[in-house]
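Here the structure is laid out as structure tokens; the discussion comes afterwards.
All figures in this text were calculated on a predicted structure; none of them were measured in a lab.
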Amino acid sequence: MATGTPQRLGLGRELRIKQSRDFARLRQEGRRLANGCLIANWRFLPGDSPSRLGVITSGKIGNAVVRSRSRRLLREVFRLHQHELAQPVDLVLVARQSLRTKDFGEVEKDFLTTLRKAGLLK
């Protein structure tokens, strides 16, 4: 058994990318990789800052229910694996149309594969 308190896996408002200028900066200065049901855009941050997440779901993937479910899935996958990142990043995940038919396990697999290919995991 592990001793001590477990690491908290929260994803509060301060860890989310909300402003359009931050999304634009990532698009201009960041790197991009498409894999499976998502597209990842990222930019490395200084070592003392926390990783942040932004999620984009277009109207092309479905109605409001489908888009909300997609955002929840992507946020939850990031929340569970945020402490496995090699260094802090601003990460924007863009949902692709294939995400609408996937369950949590498949989304998690695509997420981890994308981060592994990008070299973002420890």
Side-chain angles (χ1 to χ4, degrees):
M1 292 238 143
T3 60
T5 59
Q7 195 169 19
R8 187 160 191 275
L9 297 176
L11 188 60
R13 292 181 67 77
E14 67 278 357
L15 299 178
R16 294 187 191 169
I17 299 172
K18 289 287 196 180
Q19 297 185 352
S20 61
R21 68 174 178 239
D22 292 334
F23 283 97
R25 184 181 307 123
L26 265 169
R27 192 165 183 82
Q28 292 286 327
E29 301 172 7
R31 301 190 58 201
R32 179 182 186 272
L33 181 65
N35 182 42
C37 65
L38 57 94
I39 301 169
N41 294 301
W42 71 92
R43 187 173 70 99
F44 294 108
L45 297 173
D48 58 342
S49 57
S51 293
R52 298 188 311 157
L53 174 71
V55 177
I56 298 174
T57 53
S58 167
K60 292 179 182 178
I61 68 168
N63 62 17
V65 174
V66 173
R67 292 192 309 269
S68 293
R69 178 182 178 272
S70 300
R71 282 192 295 271
R72 284 194 311 270
L73 283 172
L74 292 174
R75 278 196 308 258
E76 181 65 9
V77 169
F78 177 79
R79 186 187 72 82
L80 291 175
H81 297 285
Q82 65 184 325
H83 299 294
E84 298 173 19
L85 294 171
Q87 70 183 75
V89 292
D90 271 354
L91 178 66
V92 172
L93 300 176
V94 181
R96 295 173 106 180
Q97 195 153 9
S98 61
L99 185 99
R100 65 188 295 166
T101 60
K102 297 200 177 201
D103 64 1
F104 180 79
E106 294 170 319
V107 174
E108 185 176 31
K109 180 182 172 194
D110 285 349
F111 176 78
L112 291 173
T113 302
T114 303
L115 294 188
R116 228 174 263 118
K117 283 183 179 181
L120 297 176
L121 293 178
K122 290 180 184 172

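- Rounding to the nearest 0.5 Å places CG of Leu93 at 11.0 Å from CZ of Arg75.
- In the hydrophobic clustering of this structure, Val55 does not group with Val92; members are Ile, Leu, Val, Met, Phe, Trp, Tyr whose side-chain heavy atoms approach within less than 4.5 Å, directly or through other members.
- Distance check, rounded to the nearest 0.5 Å: CZ of Arg71 to OG1 of Thr57 gives 4.0 Å.
- Within the model, atoms OG of Ser51 and CD of Glu84 stand 12.0 Å from one another, a figure rounded to the nearest 0.5 Å.
- Rounding to the nearest 0.5 Å places OG of Ser58 at 12.5 Å from CZ of Arg96.
- Applying the salt bridge (charged side-chain N to carboxylate O under 4.0 Å, His left out) test to Arg52 and every residue at least two apart in sequence or in another chain returns Asp22, Asp90.
- Using the six-membered ring where Trp is involved, Phe78 and Phe111 have ring planes that are perpendicular, over 60° apart on the 30 and 60° scheme.
- Note: the hydrophobic cluster containing Leu91 does not contain Ile56 (ILVMFWY, side chain heavy atoms under 4.5 Å, direct or indirect links).
- Looking at Gln82 and Leu53, their side chains never come closer than 4.5 Å, going by heavy atoms from C-beta outward.
- Taking both residues in full, the closest heavy atoms of Arg100 and Arg69 are given as O-NH1, 3.8 Å, listed atom of the first, atom of the second, then distance.
- Of all heavy-atom pairs between Gln87 and Phe44, the closest is NE2-CD2, 3.2 Å.
- Shown here are the salt bridge (charged side-chain N to carboxylate O under 4.0 Å, His left out) partners of Arg67, two or more places apart in sequence or in another chain: there are none.
- When the side chains of ILVMFWY residues are joined at heavy-atom separations under 4.5 Å, either directly or via intervening members, Leu115 and Val94 end up in two distinct hydrophobic clusters.
- Looking at every heavy atom in both residues, Lys102 comes nearest to Val107 through CB-CG2, 4.0 Å.
- Here the side chain of Glu106 pairs a donor or acceptor atom with the backbone of Asp103 at under 3.5 angstrom.
- No single ILVMFWY cluster, assembled from side-chain heavy atoms under 4.5 Å apart, contains both Leu73 and Ile17.
- Transitive grouping of hydrophobic side chains (ILVMFWY, heavy atoms separated by less than 4.5 Å) keeps Ile39 and Leu121 in distinct clusters.
- When atom types are taken as modelled, the side chain of Asp110 and the backbone of Thr113 share no donor-acceptor pair closer than 3.5 angstrom.
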Could you give the side-chain donor-acceptor pairs of residues 31-38 under 3.5 Å, partners two or more places apart or in another chain?
residue	atom	partner	partner atom	Å
Asn35	ND2	Thr114	OG1	3.3

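- Side-chain atoms of Thr101 come within 3.5 Å of backbone N or O of Ser98 as a donor-acceptor pair.
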